[in-house]
Amino acid sequence: MPFPSTSDAESSEYDISTVDLSDDRYEVKQSMVRNKYTVRDGAGNVVLRGKQKMFKLKEEFPFVTGDDEDAFSVKAGGIMDIGGNYAIVDAGTDEEVVVLDEDYSLFVENWTVRDPETGEALATIQSKNKLLSALRHLVGAANLIPNKYEIFDADGGHVGDIEGEFSMRDAYTVTVDDASDVPKEAVIAAACILDALENQ
């Protein structure tokens, strides 16, 4: 029996036990309620739903599966954590899967997906439009203009995209190359919550 490849072994370490995010393409759509999202797979099935819990000292953003079972939560690393870390916590194991670290800057929206124990960078998600990123931070109305992001592996190689669609409700298509060695589930989960985190 052949041994699994290194990339398979690395990816499985960052899988989320409660949901299978093995497609290469997902649609993320915000509802009319602020920071409430639905995620559909390539076949149009709802695989995740999330709604940010408001009025908590530490931000918490729980996601459930399409069957309304707890999937994972995104938790802020600290109180009033402006540019700090967010952890994706598997609801089935209560373990941190990855940590998201924002490179906080006026002119750029860059996020690094890291190993929660070693801090090693697994992937980065970078805004393609620096001017739009700056406007989104300065002018609320600029959030109506969809942003686009590029996903890179730890070596800086392109492995996917997040494409915003022009809409009153934020809508994104998340694509991760099937052959990439980034932890796909963790990166897709991160991409699904990026819009809410950027609009804090």
Side-chain angles (χ1 to χ4, degrees), residues 14 16 21 26 28 30 34-37 39 48 50-54 56-63 72-90 95-140 142-164 170-176 180 182-200:
Y14 304 101
I16 298 170
L21 299 178
Y26 290 86
V28 182
Q30 184 182 28
R34 182 173 168 76
N35 287 358
K36 186 175 180 182
Y37 295 86
V39 182
L48 290 170
K51 182 181 179 185
Q52 187 173 17
K53 289 186 176 179
M54 308 301 280
K56 292 180 75 85
L57 281 176
K58 283 193 175 186
E59 293 168 27
E60 187 175 350
F61 203 131
F63 276 78
F72 61 86
S73 284
V74 183
K75 297 183 179 179
I79 296 171
M80 299 299 288
D81 200 357
I82 295 171
N85 297 337
Y86 294 86
I88 294 180
V89 179
D90 187 325
E95 297 286 330
E96 291 186 0
V97 179
V98 293
V99 172
L100 304 178
D101 184 28
E102 184 179 17
D103 175 12
Y104 189 73
S105 163
L106 182 63
F107 297 107
V108 71
E109 292 173 339
N110 287 352
W111 290 84
T112 304
V113 181
R114 298 185 184 278
D115 182 289
E117 292 182 10
T118 66
E120 176 191 358
L122 306 171
T124 55
I125 302 172
Q126 297 180 1
S127 171
K128 292 183 179 182
N129 188 329
K130 289 183 176 160
L131 176 60
L132 179 57
S133 292
L135 286 173
R136 283 165 65 94
H137 281 286
L138 294 170
V139 183
N143 285 317
L144 296 176
I145 303 169
N147 206 348
K148 296 183 179 183
Y149 303 86
E150 197 166 0
I151 304 169
F152 298 92
D153 63 19
D155 297 322
H158 171 91
V159 296
D161 294 284
I162 304 172
E163 298 284 338
D170 290 340
Y172 290 88
T173 300
V174 180
T175 308
V176 178
S180 73
V182 303
K184 186 183 288 190
E185 290 202 344
V187 169
I188 288 169
C192 291
I193 58 152
L194 199 66
D195 180 75
L197 297 180
E198 292 289 6
N199 287 329
Q200 295 298 331

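Ile125 and Ala190 get closest at one heavy-atom pair: CD1-CB, 4.3 Å. Residues Leu21 and Lys184 share a closest heavy-atom pair of O-CD, 3.7 Å. The two residues Pro183 and Tyr14 make their nearest non-hydrogen contact at CB-CB, 3.4 Å. Between Val97 and Pro116 the shortest heavy-atom distance is O-CD, 3.3 Å.
Asp155 places no side-chain N or O within donor-acceptor distance of the main-chain N or O of Gly157, the cut-off being under 3.5 Å. A donor-acceptor contact shorter than 3.5 Å links the side chain of Glu185 to the backbone of Ile16.
At a cut-off of 3.5 Å, with distance as the only test, no side-chain donor of Tyr86 or Asp101 sits close to an acceptor on the other residue.
Between Phe72 and Phe61 the shortest side-chain heavy-atom distance does not fall below 4.5 Å. Side chains of Thr124 and Ile151 form no contact here, defined as non-hydrogen atoms less than 4.5 Å apart. At least one side-chain heavy atom of Leu122 sits under 4.5 Å from a side-chain heavy atom of Val98. Contact of the Val176 side chain with the Ile188 side chain is registered, since non-hydrogen atoms from C-beta on lie closer than 4.5 Å.
Note that the CD1 atom of Ile162 and the CD atom of Gln126 stand 11.0 Å from one another [nearest 0.5 Å]. In this structure, Thr175 OG1 and Glu163 CD are separated by 7.5 Å, a value rounded to the nearest 0.5 Å.
Contacts of Ala123 classified as side chain to side chain contact (heavy atoms under 4.5 Å, CB included), with partners at least two apart in sequence or in another chain: Val113, Val182, Val187. For the side chain to side chain donor-acceptor pair (under 3.5 Å) test, residues two or more places apart in sequence or in another chain that qualify with Asp161 are Lys128, His158.
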